[in-house]
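Written below as structure tokens is the structure these notes are about.
Indexing begins at 1, ligand by ligand and atom by atom, following the structure's order.
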Amino acid sequence: MKIEGKTVLVTGANRGIGQALVAEALSRGAARVYAGTRQPLAHPDARVTPLNLDVTDAAQIRAAAESVESLDILVNNAGIALYDDLSERAALEQHLAVNLFGTYGVTQAFLPLLTGSQGAIVNNVSTMALAPFPFTPAYAISKAAAFNLTQSLRALLAGRGVRVHAVLTGPTDTDMTRGFDIPKASPESVARAIFDGVENGEEDIFPDPMSASIADSWRNGAVKAMERENAAFVTAAPTAA
Ligand SMILES: NC(=O)c1ccc[n+]([C@@H]2O[C@H](COP(=O)([O-])OP(=O)(O)OC[C@H]3O[C@@H](n4cnc5c(N)ncnc54)[C@H](OP(=O)(O)O)[C@@H]3O)[C@@H](O)[C@H]2O)c1
């Protein structure tokens, strides 16, 4: 899957990793980039089409899907991360609304276009899907759920020609990690690594030095082997998902 000539949609496209993904898709020769944002966006490149897209708003998702004619690559990037300690159910619901149900809702809305183009879904998850950071447990739970969603979609959509990638992103220098004094990758380098992973057909993409350090053990591990074994059941008994 080459980015050149393709139509790409990025959610949360106005800042951070999403903004870098838009720039990277353009530099790789994407024919059209739909930039999903909650606020109006102006972009100097004529190939960018802004989309009013709050991923928690079903009406906006529907309107966005109706306004896009064709799509090759959907990047579910929009996300929130807030401090919590699991004492408030509302914090968990808030994270699930954006990071899980937002990803789910946008994916379902664009699925007909993606099956039509034999395209790809790229879900920007987090290493916290695998190992939570105790200051942001609600975030980690939502990312674990989004990762599991990604794995199921991968199995369910394989027979329909849609590739589904998980991005197990580590610390990246954006507004989200402001205040954490730890080594961070630049959003530009992460965006490059994400599209490299898509172009190389990597199911699970580890786009920064921290996450890359666990890539081999994940790819060759017992859990990944189990994912593949479980996925084989779908091939044996296709569903209408
Ligand atoms: N930075 C990291 O270290 C890191 C690590 C692992 C994974 N990630 C993941 O990478 C993705 C991008 O994060 P980032 O670091 O670029 O964070 P960021 O700079 O905080 O940007 C978050 C983006 O998501 C958008 N967003 C939030 N809620 C939304 C909603 N309901 N509907 C639509 N857009 C919404 C924001 O839009 P507004 O400007 O309107 O708020 C913004 O564009 C997230 O999914 C995050 O979990 C980041």
List the atom pairs, donor and acceptor, that lie under 3.5 Å between side-chain atoms in residues 55-64 and the rest of the protein, sequence neighbours left out.
| unit_1 | atom_1 | unit_2 | atom_2 | d |
| --- | --- | --- | --- | --- |
| Thr56 | OG1 | Asp54 | OD1 | 2.7 |
| Asp57 | OD1 | Ala59 | N | 3.0 |
| Asp57 | OD1 | Gln60 | N | 3.0 |
| Gln60 | OE1 | Asp54 | N | 2.7 |

**Report entry** Heavy-atom closest contact (His95 atom, Ala138 atom, distance)
**Finding:** ND1-CB, 3.6 Å
Query - Flag for Thr169-Asn124: side-chain donor and acceptor within less than 3.5 Å - result: yes
Query - Sequence neighbours excluded, every pair satisfying salt bridge (Lys or Arg N to Asp or Glu O under 4.0 Å) that has a member inside residues 80-99 - result: Arg89-Glu93
Query raised in the report: Relative to the ring of Tyr83, is the ring of Phe180 parallel (under 30°), tilted (30 to 60°) or perpendicular (over 60°)?
Result: tilted
Query raised in the report: Which protein residues have a heavy atom under 4.0 Å from ligand 1?
Result: Gly12, Asn14, Arg15, Gly16, Ile17, Arg38, Leu53, Asp54, Val55, Thr56, Asn77, Ala78, Gly79, Ile80, Val98, Asn124, Val125, Ser126, Tyr139, Lys143, Thr169, Gly170, Pro171, Thr172, Thr174, Asp175, Met176, Thr177
Going by atom type alone, with no hydrogens or angles, which donor-acceptor pairs under 3.5 Å involve a side-chain atom of residues 217-225 and a protein atom two or more places apart or on another chain?
| unit_1 | atom_1 | unit_2 | atom_2 | d |
| --- | --- | --- | --- | --- |
| Ser217 | OG | Ile214 | O | 3.1 |
| Trp218 | NE1 | Asp204 | OD2 | 2.8 |
| Arg219 | NH2 | Glu202 | OE1 | 3.4 |
| Arg219 | NH2 | Asp204 | O | 2.7 |
| Asn220 | ND2 | Asp216 | O | 3.0 |
| Lys224 | NZ | Glu203 | OE1 | 2.8 |
| Lys224 | NZ | Asp204 | OD2 | 2.6 |
| Lys224 | NZ | Glu227 | OE1 | 3.1 |
| Lys224 | NZ | Glu227 | OE2 | 3.4 |

